[in-house]
Amino acid sequence: MPEEEILKQRIDKLMRLRAEEGFDPFRNDRWDRKQTLEEINRIYGSLEADCHAEGVEVVTAGRLMTIRRHGKASFATMEDETSRIQLYFQLDATGEKAYNFFRKWVDTGDILGVVGTPFRTRRGELTLQVTSYSLLSKALRPLPEKWHGLKDTEIRYRQRYVDLIANPEVRETFRKRSIIVKTFREVLERHGTMEVETPILSPLAGGANARPFITFHNALGVNLYLRIATELYLKRLIVGMLGRVYEIGKNFRNEGIDIMHNPEFTAMEVYWAYANYQDMMDLTEEILVACADALGSRKVTYQGTEISFEPPFRRATMVDLVKEYCGVDIESVTSDEEARKIGKAKGLEITGKETRFGILTELFENFVEEKLIQPTFVLGHPVEVSPLAKRNYDAPDYTNRFELFIYGKEVANAFSELNDPLDQRERFTEQLRKKTEGDEEAHVFDEDFVQALEYGLPPTGGLGIGIDRLTMFLTDSRSIRDVILFPTMKPKS
RNA sequence: GAGUCGUUAGCUCAGCUGGCAGAGCACCGGACUUUUAAUCCGGGUGUCGAGGGUUCGAAUCCCUCACGACUCACCA
């Protein structure tokens with residue numbers, strides 16, 4: 001039957017229900033639920049087979065997922081946000097009127113409020129013997145098939161509500177995501193960090209190397225950008241003496257979509273005055289371990305590979321890792337020319353403009369990243385690729401920075417913040433030069449940010465963690481779309 | 001942006017070298033007072049993603065387009 005036909009039939013049934021019974025299933029505006037199905041399962045789980053909890057009456061509610069009608073007695077499976085339970089409707093227990101109403105008017109997908117007595121059937125299933133019930137809302141569209149669930153990715157992502165109804169494990173994934181975000185807040189608050197909100201719309205999109213979305217403000221008559229990072233505003237707040245701040249929110253990057261990237265994604269950024277990147281490494285470890293613990297285990301299986309969140313995570317410099325995985329010791333390379341030759345021999349595409357630090361980064365990205373399966377802190381990125389990080393004063397070509405890799409993917413990025421306004425101005429100038437050379441992702445020059453630094457930014461440690469990716473690893477989700485409730489989709493024309 | 005694969009009933013899927021569009025679940029009608037993928041009897045409900053072409057004949061072959069998944073590129 002075409003879906004529109006089923007819909008028509010159900011609407012017709014709704015009209016008849018209103019006319020024949022004088023009952024509108026949408027009239028109820030509340031149901032005084034006393035127990036969730038999880039609570040009922042827990043409390044009455046020890047009932048023995050063929051035993052009733054005499055004199056007990058529970059009041060609960062949920063969606064009917066399946067109905068098995070058999071004459072003067074019927075079974076149904078009801079599900080709520082916590083669990084599921086079997087319902088037993090029996091003519092003798094509900095009375096004839098209520099039983100016939102159930103037979104005639106109640107469909108799968110409907111939302112029911114139920115009053116009943118727990119018992120265990122002869123076959124051993126905990127069940128509610130329904131004594132009375134109320135039809136709280138009606139489903140006019142059919143549920144996906146009960147056995148196979150809903151698999152069609154397009155419907156799952158476009159109509160997530162159907163996915164959530166049909167696939168309880170999807171609900172579980174998003175519950176875990178919520179626990180992860182909550183754990184972030186708990187750890188940060190424990191360290192006296194204040195949650196703030198900075199602009200999503202702003203005249204400049206800085207703080208990262210990425211292409212922004214552009215929009216237009218009618219009243220101001222100007223273009224505004226959706227933020228690509230929260231970094232520059234949060235550091236202004238450290239200048240402004242807020243001490244320790246963090247923000248959890250969406251960033252927007254106008255780039256490709258694949259299993260690791262969605263145009264809008266959630267990041268947590270935190271900045272601590274008087275701290276450095278080492279402190280941020282400890283904090284990262286603390287947050288990730290807390291998240292793993294909150295979900296039950298420090299050992300998780302991701303796509304068949306075991307990942308251990310047991311601290312301490314490995315810490316290694318980019319230079320050492322390139323030595324280890326590529327056999328290239330960049331410190332013994334003294335000229336850019338020599339570095340380019342080595343890069344070319346390793347199969348890199350060479351334009352002739354690369355410095356030895358650029359080659360180092362390329363070697364790392366092409367040959368090392370994918371090998372870093374267990375959580376690994378990679379330290380000491382070149383200044384060249386770190387326009388906002390403080391220089392390492394003992395090795396001025398490198399920064400006090402780290403990135404955390406898990407399963408070959410970047411999950412966190414942190415550094416001691418560059419607080420020298422003169423150096424920052426030079427770095428922005430260098431980015432501007434790259435931009436004029438055609439690098440669309442070079443960092444914008446943010447004059448106001450430099451001005452903020454000129455008022456004095458204390459030594460500051462900053463950290464960003466990609467919450468979607470971390471959630472993927474902790475929930476064994478293959479695609480970022482499986483941890484974003486409503487992923488970005490092309491509209492159906 | 002490029003390549004590969006996919007799109008058939010509400011859902012999950014068959015449909016062979018071109019020859020009457022199918023199954024299970026769901027749905028509709030009936031029987032049934034402990035079933036649980038309930039069972040039994042009856043009912044097939046479709047713009048085969050869209051458009052065009054080849055052919056006596058197209059779900060099937062060809063072309064274009066749309067959407068999705070994956071791989072690559074950019075990126076976190």
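Chain letters run A, B, ... following the sequence lines, proteins first and then strands; every chain starts at 1. Worth knowing before you read on, the calculation uses all heavy atoms, side chains too, and leaves out hydrogens, waters and symmetry mates.
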Asks: Using whole Å, what does the distance between atom C1' of nucleotide B:A76 and atom CG of A:Leu372 come to?
Replies: 15 Å

Asks: Evaluate whether the aromatic ring of A:Phe265 and the six-membered ring of the B:A76 base sit under 5.5 Å apart, centre to centre, with an inclination under 30°.
Replies: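 Per 5.5 Å and 30° rule: yes, stacked.
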
Asks: For B:A69 and B:U8, measure between their P atoms and round to the nearest Å.
Replies: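 Per the computed distance, 15 Å lies between those P atoms.
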
Asks: Round to the nearest Å and state the distance from A:Asp468 atom CG to B:A76 atom P.
Replies: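 Going from CG in A:Asp468 over to P in B:A76 covers 14 Å.
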
Asks: Can you measure A:Tyr99 atom OH to B:C32 atom P for me and round it to whole angstrom units?
Replies: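 To the nearest whole Å, that distance equals 10 Å.
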
Asks: Run the salt bridge (Lys or Arg N to Asp or Glu O under 4.0 Å) test against A:Arg63 and tell me which residues pass, sequence neighbours left out.
Replies: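 Not a single residue meets the salt bridge (Lys or Arg N to Asp or Glu O under 4.0 Å) criterion with A:Arg63.
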
Asks: Go through B:U33, B:U12, B:G68 for me and flag the one nearest to the A:Tyr88 side chain.
Replies: B:U33

Asks: With a 3.5 angstrom cut-off on both distances, give the Watson-Crick or G-U wobble partner of B:U60, or none if there isn't one.
Replies: none

Asks: My understanding is that a pair needs two contacts under 3.5 Å, Watson-Crick or G-U wobble. By that rule, which nucleotide pairs with B:G46?
Replies: none

Asks: So, using ring-ring contact (aromatic ring centres under 6.0 Å, His included) as the criterion, who are the partners of A:His381 when residues are at least two apart?
Replies: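 A:His381: no ring-ring contact (aromatic ring centres under 6.0 Å, His included) contacts found.
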
Asks: Check nucleotides 38-40 of chain B for protein N or O atoms closer than 3.5 Å to its own N or O atoms and list the pairs.
Replies:
residue: B:A38; atom: OP1; partner: A:Lys146; partner atom: NZ; Å: 2.2
residue: B:A38; atom: OP2; partner: A:Arg68; partner atom: NH1; Å: 3.3
residue: B:A38; atom: N6; partner: A:Arg69; partner atom: O; Å: 3.0

Asks: Check for me whether A:Arg236 meets the cation-pi criterion with A:Tyr233, that is, NZ or CZ under 6.0 Å from the six-membered ring centre and within 45 degrees of the ring axis.
Replies: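 Here A:Arg236 passes the 6.0 Å and 45° test against A:Tyr233.
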
Asks: Checking base pairs now: Watson-Crick or wobble, both atom distances under 3.5 Å. What partners B:G22?
Replies: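 Pair assignment: B:G22 / B:C13.
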
Asks: Using the C1' atom on both, measure B:C27 against B:G19 and round to a whole Å.
Replies: 32 Å

Asks: Please pick, from B:C11, B:U12, B:A76, the nucleotide with the shortest atom-to-atom distance to any side-chain atom of A:Lys151.
Replies: B:U12

Asks: Which nucleotide, if any, forms a Watson-Crick or G-U wobble pair with B:U39, using both distances under 3.5 Å?
Replies: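 Paired with B:A31.
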
Asks: Send over the distance from A:Arg160 CZ to B:G68 P, rounded to a whole Å.
Replies: 14 Å

Asks: Could you work out which one of B:U34, B:G10, B:U12 sits closest to the side chain of A:Leu150?
Replies: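 Among B:U34, B:G10, B:U12, the one nearest the side chain of A:Leu150 is B:U12.
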
Asks: Can we say A:Lys235 and A:Glu417 salt-bridge, meaning some charged N sits less than 4.0 Å from an Asp/Glu carboxylate O?
Replies: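 A salt bridge is present here (some side-chain N lies under 4.0 Å from a carboxylate O).
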
Asks: A:Ile6 CD1 to B:C25 C1': how many Å, rounded?
Replies: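 Atom-to-atom, A:Ile6 to B:C25, this comes out as 12 Å.
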
Asks: Measuring from the side chain of A:Ser479 (C-beta onward, heavy atoms only), which nucleotide among B:C25, B:G68, B:C70 has the closest atom?
Replies: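 Ranking B:C25, B:G68, B:C70 by closest atom to the A:Ser479 side chain puts B:C70 first.
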
Asks: Would you please indicate yes or no on a ring centroid separation below 6.0 angstrom for A:Tyr157 and A:Phe486?
Replies: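 No, ring centres 6.0 Å or more apart.
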
Asks: A:Phe252: which residues meet the ring-ring contact (aromatic ring centres under 6.0 Å, His included) condition with it, sequence neighbours left out?
Replies: none

Asks: Does the side chain of A:Ser477 come under 3.5 Å of the side chain of A:Arg469 through a donor N or O and an acceptor N or O?
Replies: no

Asks: Can you tell me how far P of B:G10 sits from CD1 of A:Ile165, to the nearest Å?
Replies: 17 Å

Asks: Any chance the side chains of A:Thr36 and A:Asp80 put a donor and an acceptor closer than 3.5 Å?
Replies: no

Asks: Using atom CG of A:Leu404 as one end and atom P of B:A76 as the other, report the distance to the nearest whole Å.
Replies: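 For the pair A:Leu404 CG and B:A76 P, the rounded distance is 15 Å.
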
Asks: Nucleotides 71-73 of chain B: which of its N/O atoms have a protein N/O under 3.5 Å away?
Replies:
residue: B:U71; atom: OP1; partner: A:Arg478; partner atom: NH2; Å: 3.4

Asks: State which of B:C70, B:U35, B:A26 makes the closest approach to the side chain of A:Gln86.
Replies: B:U35

Asks: Can you identify which nucleotide, out of B:C70, B:U33, B:A76, has its nearest atom closest to the A:Leu91 side chain?
Replies: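 For the A:Leu91 side chain, the nearest candidate turns out to be B:U33.
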
Asks: Could you measure between the two P atoms, the one in B:C13 and the one in B:A9, and give it in whole Å?
Replies: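 Result for the P pair: 12 Å, nearest Å.
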
Asks: Classify A:Thr108 by what it touches in the nucleic acid, base, sugar-phosphate, or nothing, heavy-atom distance under 4.0 Å.
Replies: sugar-phosphate

Asks: Enumerate the residue pairs fulfilling side chain to side chain donor-acceptor pair (under 3.5 Å) with a member in residues 110-124 of chain A, sequence neighbours excluded, ordered by first and then second residue.
Replies: A:Asp110-A:Lys138

Asks: Looking at the side chain of A:Arg103, which of B:C32, B:C70, B:C67 is the nearest nucleotide?
Replies: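 Selected nucleotide (nearest to the side chain): B:C32.
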
Asks: Output the single nucleotide from B:U35, B:G68, B:C28 whose closest atom is nearest the side chain of A:Asp107.
Replies: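 Per side-chain heavy atoms of A:Asp107, the pick is B:C28.
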
Asks: For B:U34, does the base pair up with any side-chain atom of A:Thr127 as donor and acceptor (N or O, under 3.5 Å, distance only)?
Replies: no

Asks: What does A:Glu440 touch in the nucleic acid at a heavy-atom separation under 4.0 angstrom: a base, only the sugar-phosphate, or nothing?
Replies: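 No contact.
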
Asks: What do you reckon, are the aromatic ring centroids of A:Phe367 and A:Tyr325 less than 6.0 Å apart?
Replies: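 Between A:Phe367 and A:Tyr325, the centre distance exceeds or equals 6.0 Å.
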
Asks: Just name whichever nucleotide pairs with B:G68, Watson-Crick or G-U, keeping both distances under 3.5 Å, else none.
Replies: B:C5

Asks: Considering only atom P, compute the distance from B:A59 to B:G53 and round it to an integer number of Å.
Replies: 15 Å

Asks: Any idea which of B:C28, B:C11, B:A69 is nearest the A:Lys13 side chain?
Replies: B:C28

Asks: Tell me which nucleotide among B:U36, B:C27, B:G68 gets nearest to the side chain of A:Lys490.
Replies: B:G68

Asks: Do the side chain of A:Glu255 and the main chain of A:Pro263 share a donor and acceptor less than 3.5 angstrom apart?
Replies: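 Side chain of A:Glu255 to backbone of A:Pro263, a donor-acceptor pair under 3.5 Å: no, none is there.
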
Asks: Taking atom C1' in both B:U47 and B:U7, what distance in whole Å separates the two?
Replies: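 After rounding to an integer number of Å, I get 14 Å for this pair.
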
Asks: Let me know the distance between CE of A:Met489 and C1' of B:A66, rounded to the nearest Å.
Replies: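 Roughly 13 Å, once rounded to whole Å.
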
Asks: For residues A:Phe313 and A:Phe405, establish whether the separation of their ring centroids is below 6.0 Å.
Replies: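 Between A:Phe405 and A:Phe313, which both carry aromatic rings, the centre distance is not below 6.0 Å.
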
